[in-house]
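The structure appears right after this line, and notes come after that.
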Amino acid sequence: MSNNTLLKVRLSVLNFIEFAVWGSYLTSLGNFLSNAGLAAEIGWFYAMQGIVSLFMPSLVGIIADRWVQAQRMLSLCHMLAALFMAGAGFYCMAADQIEFAPLFVLYSLSVAFFMPTIGLNNSVAFNALTRAGMDTVADFPPIRIFGTIGFICAMLFVNFAGPADAKFQTTYIQLFVSAAFSVIMMFYALTMPKCPVNDKPSAGNWVDRLGLRAFTLFKQKKMAVFFLFSMMLGVSLQITNGYANPYITFFKDMPQYADAWAAQNANALISLSQISETFCILLIPFCLKRFGIKGVMLMSMFAWVLRFGFFGVGNPDGGLWLFVLSCIVYGIAFDFFNVSGGLYVDKETSPEIRSSAQGLFMIMTNGFGATIGTLAAMAIVNANVRPDDTLDAQLHGWRVSWLIFAAYALVVAVMFWIVFHDNRKTDNEPSRLIKDSERPDGGGMIIESDR
């Protein structure tokens with residue numbers, strides 16, 4: 001096995017474990033909270049992932065750029081995430097009645113340390129591939145597939161594990177599963193290639209000294225517009241994670257759907273979304289080269305329209321095919337935005353600010369975007385789906401909610417098509433910022449002008 005092949009295997013395992021941590025609870029937490037009597041508070045748990053993403057990925061990214069090697073920071077964050085997630089599990093196990101406040105605090109502390117690991121995971125992988133002389137656009141997506149596979153495996157495990165009347169997807173055991181994967185990641189991250197730190201004292205201003213140069217990307221019109229629409233698209237990210245599982249499970253209460261397989265196995269059905277991801281990731285290099293970042297982002301945005309719309313008109317029996325189509329288009333909706341966006345940021349920034357730039361991307365998407373989206377979705381669902389209504393009225397409320405989400409995604413797509421301009425094909429032109437030492441022909445740093 002060649003060194004490059006071995007490196008790909010190691011990074012594939014890294015991504016598998018990273019996203020298994022998240023897949024253990026992300027799509028099933030809403031089910032557990034509903035069973036614990038916290039259905040009205042689901043939005044706050046998912047919004048917290050966005051709230052901590054407003055500052056934690058950037059802060060941790062700056063530390064990784066300036067003082068602590070990224071692979072070590074990745075290990076430390078997973079250790080703390082595991083500690084607090086396990087604490088949340090032990091609280092639920094010991095409590096006679098699960099209360100919102102203590103569970104929410106422990107959960108929040110865990111995700112505060114987990115969310116930065118997504119950007120750190122990218123930085124560790126990009127650094128290793130670059131140092132090995134490999135192409136991140138061509139070589140990273142097949143590696144990232146194993147992150148999705150890890151997410152799927154964790155989802156299916158919590159869906160089918162446990163007794164028939166208490167599957168892990170409906171209980172606090174999913175929190176322990178996530179903590180266990182984080183412990184594994186804590187050790188495995190330390191085996192990754194060392195990442196550089198820019199620890200030399202800076203004679204520049206405080207922006208340089210504190211490692212905040214990534215925020216100067218907002219001075220470039222094109223990057224400012226890209227980050228703005230990343231935030232607007234990020235609004236859609238957590239909606240189905242928070243509400244798809246409770247929505248599909250809701251059909252069990254309706255006599256005509258009570259015995260439908262999908263209603264009984266919501267997590268397994270939703271896992272088709274992640275299976276779709278594994279195939280769609282392979283399309284990213286071709287699509288970026290053929291259509292550029294604008295074309296790829298537009299595909300993602302229109303896929304979100306279909307994702308929500310199909311949920312709004314489907315059901316787990318005769319309309320199951322619409323649920324399945326919703327899961328299939330999710331691969332394009334998520335990957336063409338999340339993975340391609342991370343690659344675009346990597347190509348548009350210099351190595352000195354790579355980790356903090358990835359952190360900034362996380363702030364705009366999983367921070368501002370996901371927070372706004374989750375809280376708005378909670379308000380929309382709570383207003384339209386009222387427990388005191390008849391089942392038919394509740395179903396109507398769910399359908400209205402999904403169609404509102406689809407209408408929002410459509411408006412964002414049209415606006416992006418009109419406003420954003422970058423038609424370069426990713427593989428054909430150099431990054432915006434390329435250091436002298438990294439250019440084969442020497443010469444000064446290239447800073448491409450905005451288009």
Side-chain angles (χ1 to χ4, degrees), residues 25-47 98 100 155-156 158-160 162 164-172 174 236-274 306-327 329-330 373-408:
Y25 68 88
L26 186 64
T27 62
S28 55
L29 184 66
N31 241 348
F32 159 58
L33 294 173
S34 294
N35 288 336
L38 299 173
E41 316 298 336
I42 289 174
W44 287 111
F45 283 83
Y46 284 90
I98 298 175
F100 170 76
M155 284 182 68
L156 293 177
V158 300
N159 183 91
F160 294 112
D165 59 343
K167 299 292 187 183
F168 289 178
Q169 70 167 331
T170 64
T171 71
Y172 60 82
Q174 60 189 271
S236 301
L237 285 179
Q238 296 295 347
I239 293 176
T240 49
N241 288 332
Y243 290 101
N245 202 310
Y247 168 57
I248 296 171
T249 303
F250 160 79
F251 282 96
K252 288 196 304 182
D253 297 331
M254 306 189 74
Q256 63 269 43
Y257 302 116
D259 296 327
W261 179 89
Q264 301 287 338
N265 295 277
N267 230 36
L269 174 63
I270 296 170
S271 71
L272 294 177
S273 302
Q274 281 66 44
L306 297 176
R307 166 70 162 176
F308 296 139
F310 287 148
F311 260 127
V313 296
N315 65 64
D317 191 14
L320 178 61
W321 65 277
L322 290 165
F323 281 172
V324 172
L325 282 179
S326 176
C327 293
V329 299
Y330 177 81
T374 304
L375 293 178
M378 180 174 66
I380 291 170
V381 171
N382 287 348
N384 287 287
V385 184
R386 293 177 288 272
D388 294 335
D389 287 346
T390 65
L391 292 177
D392 287 337
Q394 291 183 53
L395 177 58
H396 176 73
W398 275 116
R399 296 195 186 285
V400 169
S401 299
W402 289 116
L403 294 178
I404 290 174
F405 304 149
Y408 167 80

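Basis for what follows: all heavy atoms, side chains included, without hydrogens, waters or symmetry-related copies. Here the structure is a predicted model, which means the values were calculated and not measured.
By the side chain to side chain contact (heavy atoms under 4.5 Å, CB included) test, L306 is found to be paired with F310, V329, residues two or more places apart in sequence or in another chain being considered. Residues forming a ring pair (Phe, Tyr, Trp, His ring centres under 6.0 Å) with F160 (at least two apart in sequence, or on another chain): none. Residues passing the ring pair (Phe, Tyr, Trp, His ring centres under 6.0 Å) test with Y330, sequence neighbours excluded: W304, F334. For T170, the side chain to side chain donor-acceptor pair (under 3.5 Å) criterion is met by no residue, not counting sequence neighbours. Applying the side chain to side chain contact (heavy atoms under 4.5 Å, CB included) criterion to T27, with sequence neighbours excluded, gives F151, M155, N241, N267, I270. Remark: S236 engages no residue in a side chain to side chain donor-acceptor pair (under 3.5 Å) (not counting sequence neighbours). Taking T374 as the reference, Y46, A47, Q238 meet the side chain to side chain contact (heavy atoms under 4.5 Å, CB included) condition, with sequence neighbours excluded. For N265, the side chain to side chain donor-acceptor pair (under 3.5 Å) partners two or more places apart in sequence, or in a different chain, are N159.
Using the six-membered ring where Trp is involved, Y247 and F311 have ring planes that are perpendicular, over 60° apart on the 30 and 60° scheme.
F323 contributes atom CZ, which lies 7.5 Å from atom CG of L269 (distance to the nearest 0.5 angstrom). Note that NZ of K167 and CG of N35 are 14.0 Å apart. Values are rounded to the nearest 0.5 Å. Expressed to the nearest 0.5 Å, how far CG of N245 lies from CG of N31 amounts to 4.0 Å.
Side-chain contact between F32 and L38 is absent, with no heavy-atom pair separated by less than 4.5 Å. When side chains are defined from C-beta on, S273 counts as touching R307, because their heavy atoms get closer than 4.5 Å. When side chains are defined from C-beta on, L29 counts as touching Q174, because their heavy atoms get closer than 4.5 Å.
Ring pair F250/Y243: centre-to-centre distance not below 6.0 Å.
Of all heavy-atom pairs spanning A266 and T249, the tightest one is CB-OG1, 3.6 Å.
Sequence neighbours left out, the pairs with a member in residues 389-403 that pass side-chain hydrogen bond (donor to acceptor under 3.5 Å, both in side chains) are R386-D389.
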Quick one: side chains of residues 256-263, donor-acceptor pairs under 3.5 Å with protein atoms, not counting sequence neighbours, listed by atom name and distance.
none

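The backbone N or O of A268 sits less than 3.5 Å from a side-chain atom of S271, completing a donor-acceptor pair.
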